[in-house]
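Worksheet: the structure to be examined is printed underneath.
Residue indices begin at 1 and follow the sequence shown.
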Amino acid sequence: MNKKRFLSVLSAAAASVFLAQAAGAAENPEIKVDFDNGIITVSGTAVGNEEVFLEVLNPGVNADEIDSLGTEAQLGMFDHVEQKSAADGKYSFSYKTDGEAGRYTVLVKSTSDTEPAVSGFNFEKSDITAQSLQTLNGYINAKDAEEIKNYLNDNSDLYFEDAVYYKDLSDEGKTKVAEGLIEAGAAAAMSDAKNTVIRYSAIQELYEAESDLQRGKLLLEYAEELGISSTAEYPFIKAEDDEFITNLGSRMKAERYAAYSEFLSAYKTAMCLTGVKNAENVGLIKGIIRRASDSGVISVPKYMALQSTAAIDQKIVKRDFSTAAELASTIENLAAAGGNTYGGGGGGAGGSGNSGGGGASGSVYAPVASTPDTGSNEQITFADLTNEHWAYESILCLKKHGSLNGYEDNTFKPDINVTRREFLKIALTSFDIEDKGAVCSFNDISESDWCYLWIATAQSLDIISGDENGNFNGDDNITRQDAAKILNGILTFKSYNIPAKRTYAEFADDGDISDYAIEGVKMFYCAEVINGYEDGRFRPKEPSTRAEAAKMIFSVLQKIGG
């Protein structure tokens, strides 16, 4: 299809005239067909916010022959013509068709393309689709796998053309898909039947994979189709990590799954065990165990009740457990035997009134579970802080956790600035992060420094970095942007997600925020952890007070669930 014809049709449809530029901006579109309601959705990527043009040709129409026709005749050849602007590099068209059954051709072109991307879809009218679904449900209710398989073979190009390579499965594999439809039961709509076919086709393709590596890659590729998009919650998965993916694929090859629930249980178990074996560092273990516990893969109440699990995590990281029961038993035995020897901080030594120090002893840290009873015997007794202070709850919870202390004169001094080393210690202790074997390479930090463990840990985990001279500058006041940078690094390391509550609105001084900190500032603003000032500025390089630091850290803990 040439540009002249594309322009003339869009112009006749009240579209704006555009100028073609460089080729290759748009990718092939993704097309979804809702047979039950006659809705066609075409989506894909473009460049920035450029204009995107859609043409859907009726069945039997040859695009090359349209060029010789007049504008009115051309319009009769199209099921749909539309133009819209992409949003941040993505576009999506959706329309209802009343067209005839057959194969439709789809052409999508953006302003930076010299030629359109060409694709297509098959369509059948909703009344015919309803009759066809009734036929399929009859086979499902009769539990006739052979007739279901024949039906799927006959209709795969129409209703199931994107069913994850159903046609490429072995005959036995197609039978397993048919059995999956029986297990799922009669479908309320053709879209439901299609989703079931897609799901069981993907499971069967995993089973028929030629290698563990291929199986693992397919598992991650088909995450959405398999209903396991939670893989996004496991940041330790890396596309280039063939060892992890191979181990994952190996754990998923043992058997065919008669029911989707069996597959899902096996997947969650495989993710847990493979994560433990292939974790890049000990800091990832608690997040893996937490997810496995929440999803019912393992039950480890003694472990989950510990304030810090670092010592146990060190004993299980990189170990190859054959079953979830073996992993759970090992973890609980270590917890019962006192395997966790971590005692909190130690900030007082050499800290000269720092905000670190004071290891917590045995209490469970769960700041989100309930709001502390500020009228109880556990009140903070700082002489300069009452329960009316805006940061009182935050300071109370972090003190109970052992993440911060006051001064020798029984004051907290909420309004004085907090140093970089003090903030780092409070933050790492609050998130139970330590690596006793970590080594620090900053020029201005020695092993005798009271905060050496925390600085070394943070440097080894890429949570902090030094200046151009290789110094940490621990006695400098922590800036607002550096506090956001450190907490963002901690969330990344701990594999924690923090949900956005609002869209980012640029601060009046957005340009003053350093590149290394902007990601954290945006994330915490959207999560309603931080705000700007009344004048619309963020003031990224101004120092944070001790109260502000406590409030920010506690707010992040609340957002991620403690």
Side-chain angles (χ1 to χ4, degrees), residues 345-357 391 394-395 398 403-408 411-431 433-434 438-493 507 509-521 524 529-530 532-533 537-554 556:
S352 63
N354 62 78
S355 58
S394 302
I395 296 168
L398 295 186
S403 302
L404 53 76
N405 274 336
Y407 290 82
E408 293 181 358
T411 60
F412 181 71
K413 304 187 190 319
D415 297 324
I416 71 170
N417 295 329
V418 63
T419 67
R420 286 169 55 81
R421 74 178 77 230
E422 289 170 351
F423 182 87
L424 182 64
K425 194 273 174 182
I426 300 171
L428 292 182
T429 306
S430 296
F431 285 87
I433 298 176
E434 70 167 54
V439 177
C440 175
S441 63
F442 292 125
N443 297 327
D444 58 343
I445 302 297
S446 67
E447 291 188 27
S448 61
D449 193 304
W450 69 266
C451 206
Y452 181 84
L453 170 64
W454 312 111
I455 296 173
T457 294
Q459 184 183 28
S460 68
L461 300 177
D462 293 326
I463 293 173
I464 59 171
S465 57
D467 62 16
E468 64 275 10
N469 298 316
N471 296 323
F472 176 63
N473 304 309
D475 291 326
D476 289 353
N477 295 327
I478 189 79
T479 62
R480 287 165 55 81
Q481 68 173 8
D482 282 1
K485 169 64 170 64
I486 287 174
L487 287 174
N488 183 29
I490 287 174
L491 294 189
T492 299
F493 167 69
F507 295 107
D509 56 352
D510 236 39
D512 294 337
I513 303 174
S514 300
D515 291 341
Y516 67 79
I518 188 64
E519 178 183 347
V521 171
F524 292 127
V529 170
I530 59 176
Y533 289 87
R537 293 187 298 158
F538 176 64
R539 303 178 189 177
K541 297 175 182 176
E542 290 192 6
S544 290
T545 66
R546 286 164 55 81
E548 289 172 338
K551 179 68 174 179
M552 184 176 184
I553 292 171
F554 181 66
V556 173

### Task
Could you point out which residue of Arg420, Arg421, Lys541 forms a salt bridge (charged side-chain N to carboxylate O under 4.0 Å, His left out) with Asp482?
Arg420
### Task
For Asp476, enumerate each residue passing the side-chain hydrogen bond (donor to acceptor under 3.5 Å, both in side chains) test, keeping only those at least two apart in sequence or located in another chain.
none
### Summary
Scanning both residues in full, the closest heavy-atom pair of Ile553 with Phe431 reads CG2-CE1, 4.4 Å
### Query
For the atom pair CD1 (Ile513) and CD (Glu519), what is the distance rounded to the nearest 0.5 Å?
12.5 Å
### Query
Does Ala549 have any side chain to side chain contact (heavy atoms under 4.5 Å, CB included) partners at least two apart in sequence or in another chain, and if so, which?
Val418, Phe423
### Query
Taking Asp467 for the side chain and Asn469 for the main chain, is one N or O donor matched with an acceptor at less than 3.5 Å?
yes
### Query
Under the ring pair (Phe, Tyr, Trp, His ring centres under 6.0 Å) test, which residues partner Phe524, sequence neighbours left out?
none
### Task
Would you please name every residue forming a side chain to side chain contact (heavy atoms under 4.5 Å, CB included) with Ala456, sequence neighbours left out?
Ala438, Cys440, Tyr452
#### Entry: salt bridge (Lys or Arg N to Asp or Glu O under 4.0 Å) involving Lys485 - partner list, sequence neighbours excluded
none
### Task
Mind checking the CZ-CG spacing from Arg539 to Asp509? Nearest 0.5 Å is all I need.
8.5 Å
### Message
Among residues at least two apart in sequence or on other chains, which ones pass side-chain hydrogen bond (donor to acceptor under 3.5 Å, both in side chains) with Gln481?
### Response
Ser514, Tyr516
### Query
Glu434 side chain to Leu453 main-chain N or O, any donor-acceptor pair under 3.5 Å?
no
### Task
Compare all side-chain heavy atoms of Leu404 with those of Arg546 and state whether any distance is below 4.5 angstrom.
no
### Summary
Looking only at heavy atoms, the pair that brings Thr479 and Pro540 closest together is CB-O, 3.5 Å
### Message
Are Leu487 and Val529 packed together at the side-chain level, in the sense that at least one heavy-atom pair is separated by less than 4.5 angstrom?
### Response
no
### Summary
Sorted by chain and number, sequence neighbours left out, salt bridge (Lys or Arg N to Asp or Glu O under 4.0 Å) with Asp444 holds for none
#### Entry: ring pair (Phe, Tyr, Trp, His ring centres under 6.0 Å) partners of Phe493, counting only residues at least two apart
none
### Query
Tell me, do Val556 and Ile490 make a side-chain contact under 4.5 Å, heavy atoms counted?
no
### Message
Once side-chain hydrogen bond (donor to acceptor under 3.5 Å, both in side chains) is applied, do any residues pair with Asp510, and if so which ones, sequence neighbours excluded?
### Response
Tyr504
### Summary
Heavy-atom closest pair (Lys413 atom, Tyr407 atom, distance to 0.1 Å) is CD-CE1, 3.8 Å
#### Entry: salt bridge (Lys or Arg N to Asp or Glu O under 4.0 Å) involving Arg480 - partner list, sequence neighbours excluded
none
### Task
Indicate the atoms forming the closest heavy-atom contact of Ala483 with Ile478, along with that distance.
N-CG1, 3.9 Å
### Summary
Looking only at heavy atoms, the pair that brings Asp415 and Thr545 closest together is O-CG2, 3.6 Å
### Task
Only counting residues at least two apart or in another chain, list the ones meeting side-chain hydrogen bond (donor to acceptor under 3.5 Å, both in side chains) with Asp512.
none
### Query
Where is the tightest heavy-atom contact between Ala550 and Ile395, given as atom of each residue plus distance?
CB-CG1, 3.8 Å
### Query
Considering residues at least two apart in sequence or located in another chain, which fulfil the side chain to side chain contact (heavy atoms under 4.5 Å, CB included) criterion with Asp462?
none
